[in-house]
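All values below were derived from every heavy atom in this structure, side-chain atoms included, with hydrogens, water molecules and symmetry-related copies excluded. Numbered from 1 within each chain, the chains take letters A, B, ... in sequence-line order.
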Amino acid sequence: MESITGLLTKIFGDGMSPMALLISGGLTMALIMSLVMAMCAIVFTWMERKVAGFLQSRYGPMRVGGFHGVLQPVADMLKILGKEDIIPDEADKALFMLSPFVIFIGSLMAWAAIPFAPGFIASNLDLGLFYIFAVSSAAPAGILMAGWASNNKWALYGAARGAAQMVSYEIPLALAAIPVVMATGSLNMNAIVDAQGGGVLNWYIVHDPFLFLAFCLYFIASIAEVNRGPFDMPETESELVAGYHTEYTGMRFAFFFLAEYANLFLVSCIATAVFLGGWHPIAGPVFLPGLVFLIKAVILVFLQMLVRWTLPRLRVDQLMHTCWKVMVPLTLLCVLGSGIWMMVSGELL
Amino acid sequence: MSDTTVTHGWEHQDKPRVQQSELLEINMGPQHPATHGVLRLLVKTDGEIVQSVTPYLGYLHRCAEKIAEGCDWRQWMVYTDRFDYLAPMNMNFGYAVAVENMLEVEVPERAQYIRVICAELQRIASHLIAIGTFGLDMGAWTPLLYCFREREEILNIFERLSGGRMLYNYFDIGGVRFDAYDDFAEEVLFMVHVMEQKIVEYNTLLTYNKIFIERTADVGVIDAETCYAYGCTGPVLRGAGVPFDCRRDDPYSIYDRFEFEIPYGQGEQGTVGDCWDRYIVRMREMSESCRIIRQAVDGMPEGDFMSPDLKKLVKVPAGSLYTRTESSKGEIGFHIIADGGSKPFRNKVRSPSYSNLHVIEKVGPGMMISDLVATVGSLDIVLGEIDR
Amino acid sequence: MTQYLRDIKDAVVSAFKGMGITSKHLAKKPVTLQYPDERWVLPERFKGFIINDTHRCDACLRCAKVCPVDCIYIETTGKAKDRYMYRYAIDYNKCIWCGLCVAECPTDACQHSLDYDHALYDRTRLVYEFTSPAKPIPCHKETRLEQGYYVPNADEERAKLAAKKEAELKKAEDETAAPDPSPDEGKVE
Amino acid sequence: MEPNAIHDLLCAKLGEAALEYVDSYEKGTVIAAAKIAEAATLLRDEPELHFEQLMCLSGVDWDGHDAEGKGKSVAILGYTEEGKPELSDRVGDGDLGVFYACYSHRHGHKYSLFVRVPRDAAEVPTVSHLWPTAAWHEREAYDLVGITFTGHPDLRRILLEDGWEGHPLRKDYQMPAQWQGVPLEGRSYAANPFNEADVVLPTKPEGGQG
């Protein structure tokens with residue numbers, strides 16, 4: 001936000017009160033973040049369809065917008081905006097209408113602490129990482145609301161599964177990031193990224209073997225956290241029809257969609273900032289930091305897509321088994337191991 | 001088990017507080033992605049655990065058996081296409097063999113060989129769909145598309161042969177409708193060659209994937225006794241460890257001339273008769289079909305493709321006969337009653353999926369919803385032949 | 001514990017193997033065609049929309065009889081030499097593309113075309129009329145020959161017809177009777 | 001075991017109930033309807049027979065079928081001028097029958113049982129307790145042919161909807177005009193647009209203006 005407020009100060013001079021500066025800067029940043037989210041949905045739906053297509057020996061969308069159907073998501077968005085908004089008669093209407101926004105806002109709030117480039121962060125919180133994990137916990141509540149309010153049995157199943165899954169996988173997700181916090185000594189996202197400057201060898205992913213393992217575990221847990229295959233329990237389209245958003249149409253469905261792809265990008269951004277050196281390039285000085293950050297995040301998104309379109313889905317009990325009996329012990333091992341590593345290598349002293 | 005009564009540790013109080021929990025009744029289908037068509041399963045669940053499954057059929061019922069009474073013998077071949085629309089060649093084969101058995105007509109050698117090649121190619125095509133959709137039930141999208149890719153190649157051969165991509169109406173009583181085209185043998189051999197390589201790919205992508213094994217091994221175990229009792233045939237019976245195949249044990253056409261193994265479930269990843277066994281039986285059957293096709297292509301003679309001494313309007317002598325053949329789903333039986341006329345008196349179709357699906361009532365209770373989906377997927381049902 | 005670790009190893013290794021196969025396909029050219037722009041070559045025996053070559057059709061009704069779904073409608077008028085077909089319609093709402101009519105047709109009038117994309121908004125437009133009362137199709141062999149329609153073994157038949165006519169003419173000359181009334185007079189209705 | 005040996009064994013165990021030996025395409029025994037469950041038990045449990053699988057069970061309406069093979073097998077007699085099927089208003093009078101085809105995996109032999117019951121009292125004991133697969137086949141026979149299987153645990157219609165009138169595979173079945181307000185007669189889109197009077201005959205070469 002510093003860059004934004006700096007810009008605003010330049011434009012309006014010193015005449016603005018600090019409060020007005022804070023509010024206007026915050027609003028600008030929120031607007032930018034909302035746009036980023038919308039762009040995420042548009043870009044990544046197209047990318048997902050193309051990646052899935054080429055993985056499966058087909059092209060994916062080719063018609064709209066000339067080159068490889070680049071405007072397909074725009075057309076889809078227009079279509080979905082024009083659709084009737086159906087609220088089932090027996091649904092709990094207030095919750096039904098509210099839940100897409102709960103999920104959306106939960107996702108949007110997390111963006112506040114993502115450092116895209118030096119100074120380009122909505123809110124440079126001291127507890128940045130902690131804040132991100134905290135606010136993204138709003139999503140299970142939204143899913144439960146959606147599933148319950150739809151008054152549809154499949155949606156209820158999806159919601160119950162989804163909430164259980166997301167609550168569970170938050171633990172390995174957060175635990176996997178703890179070694180990094182230990183290494184940095186700070187929860188501030190800027191500080192975490194700054195600590196990784198100066199070439200690929202300073203990135204936390206290669207800091208020590210336990211951190212590499214932590215990255216892998218974080219990656220798996222993040223797939224589960226955003227409800228994508230092979231952990232797409234809340235949707236499980238071959239079992240639960242469409243899971244918690246079975247009854248949603250039109251704009252409300254679009255919000256779920258938006259949140260899903262925004263979350264997909266969000267977890268990749270966190271992984272980039274926390275493990276992959278944020279805006280620091282592989283070698284050399286910082287150059288086009290925003291672009292470097294984006295490239296890293298998009299590569300992670302691509303990997304998530306590759307996993308989704310390759311692997312079969314886990315059963316719900318196996319999912320829990322994987323979380324509690326495999327991931328949580330391993331992340332704890334990572335915390336312990338990297339702590340020992342740091343003590344031995346003398347970093348902590 | 002209609003209600004589960006949960007008593008908490010308050011029995012020492014004057015009035016024990018009993019909490020009643022109800023089972024959740026949920027309709028899986030008729031519009032549901034996992035039911036492979038318009039099947040409706042009424043599932044009662046206790047949380048994720050299924051307590052009872054009741055299939056409701058008939059959404060695709062066309063009463064082809066009634067239509068048979070108004071068709072002549074050759075015309076009804078068209079309707080057999082539409083039973084198992086994923087393996088019409090096998091259905092045609094069954095009906096043709098059934099009527100020929102009653103007519104006691106000699107089918108020319110060349111027609112026999114073409115028939116066997118078609119039936120085995122069709123078996124591969126049908127198993128490809130079975131495998132692909134089974135993977136889809138597990139959430140693996142990509143194998144389905146790969147399977148369809150290879151299936152299209154087989155359909156291309158059928159299209160050149162019969163003109164149709166889905167419903168061929170290629171077999172006729174006494175032979176086949178068209179002769180094989182010029183480079184039929186080369187195309188089929190090339191297809192077999194491609195297929196054998198692709199099977200390796202599927203195995204790596206899906207069969208030995210750990211998640212897939214976890215999802216299918218020890219799930220939906222159907223043992224041999226249950227198979228006999230419920231009339232399960234085909235890959236379901238063989239998956240239960242019974243190496244029974246009509247092609248070898250009750251040979252029809254010229255299957256006794258070929259050398260092939262009958263794969264059966266051995267419980268490699270879990271229990272004998274689990275979903276994985278049924279899956280792997282299909283996978284191995286594709287290789288065996290490739291073997292049969294190679295032999296058949298080698299042995300294919302020149303000559304007639306249609307029995308010359310058969311009239312256009314067939315009249316089947318009076319009598320009743322149950323003939324069974326091995327389709328890709330199992331034993332397809334045609335019970336034919338003729339009254340000596342040019343039209344069937346009664347054609348009863350004993351379709352494999354009908355019996356195979358029935359077993360879900362037995363094995364369904366006690367499994368999780370995801371396992372139910374997996375089990376229904378592993379039975380490889382086609383609603384066209386269940387509802388007929 | 002070893003089983004536990006082996007499971008994890010298996011899961012990771014098999015997942016990577018699978019991803020290897022899928023990512024290999026990224027570099028391959030997709031096999032699908034962009035349908036309306038690209039189309040594959042249809043085989044000779046392709047069962048497309050059935051068309052009736054009215055030049056060859058002599059309304060023998062075999063196709064209508066063999067059709068399992070009764071989708072072929074033939075209307076004729078008159079008898080014998082004056083039998084004319086004024087309607088030959090196929091209802092593609094009903095047609096199941098079984099090809100029995102094509103196999104049955106003695107003159108190859110009924111044929112599969114190579115057409116297959118006829119999606120329409122109105123079902124009534126799927127009933128195709130091949131003739132009209134304005135130009136009815138003669139059905140009798142002799143009438144067909146006279147009007148230049150297709151007849152199998154036309155030369156032979158023509159010779160036969162000529163011989164027959166000659167005989168008739170001769171007979172008429174011999175008897176020197178009044179000329180025959182035109183055979184179609186008063187019969188057209 | 002040879003079919004006639006199986007028949008002899010059935011005769012010995014069942015006595016009168018084994019009515020006759022069928023030696024046509026299909027080898028089997030006609031059993032008195034009331035004793036079919038006993039016969040089926042025998043087939044399944046006798047160690048020499050051990051028919052553990054019921055391959056097929058089909059209900060048959062024998063109305064109009066005579067032994068010489070000259071019976072009328074079609075309910076639709078012909079077509080009216082408008083192309084609508086012309087149905088017979090005849091009430092069927094033939095027997096109904098059930099056919100059982102059994103197979104033994106252990107011995108690899110097949111055998112069939114036949115049952116005939118009068119049309120107005122079509123009741124056959126169930127065999128679904130012996131071969132569970134029979135449960136659905138019997139439901140189908142009940143649904144389509146209208147044979148009641150006594151002792152069946154769940155005798156409902158299976159392919160047609162509950163409450164459907166009549167049994168379609170009976171030879172005298174007539175399709176109802178509508179079902180729950182939905183007309184069952186298929187809509188024809190091929191109404192004849194032409195009139196025979198509009199036919200313009202071509203000019204005859206030899207006859208001048210026709």
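- By the neighbour-count criterion of 12 heavy atoms within 6.0 Å, atom NZ of K28(C) is densely surrounded, having more than that number from other residues, nucleotides or ligands.
- Residue-environment remark: CD (Q3(C)) exceeds the threshold of 12 foreign heavy atoms within 6.0 Å.
- Inter-residue side-chain proximity for D37(C) and R63(A) is flagged as met; some heavy-atom pair is nearer than 4.5 Å.
- The shortest non-hydrogen separation linking M19(C) to V307(A) is SD-CG2, 3.6 Å.
- Both the backbone and the side chain of L55(A) come within less than 4.5 Å of a heavy atom in chain C.
- Within a 6.0 Å sphere centred on NZ of K94(C), heavy atoms belonging to other residues, nucleotides or ligands number more than 12.
- Heavy atoms from other residues, nucleotides or ligands lying under 6.0 Å from CZ of F302(A) number more than 12.
- Summarising the local packing, CZ of R123(C) is surrounded by 12 or fewer heavy atoms from other residues, nucleotides or ligands at distances under 6.0 Å.
- If you tally non-hydrogen atom pairs under 4.5 Å between each of S23(C), G18(C), P30(C) and chain A, the highest count goes to P30(C).
- Heavy atoms closer than 4.5 Å to chain A are found in both the backbone and the side chain of L26(C).
- Contacts of K29(C) with chain A are made by side-chain atoms alone, with heavy-atom separations under 4.5 Å and no backbone atom involved.
- L33(C) contributes atom CG, which lies 8.0 Å from atom OH of Y59(A) (distance to the nearest 0.5 angstrom).
- With a 6.0 Å radius and a threshold of 12 heavy atoms from other residues, nucleotides or ligands, Y116(C) has its OH atom above the threshold.
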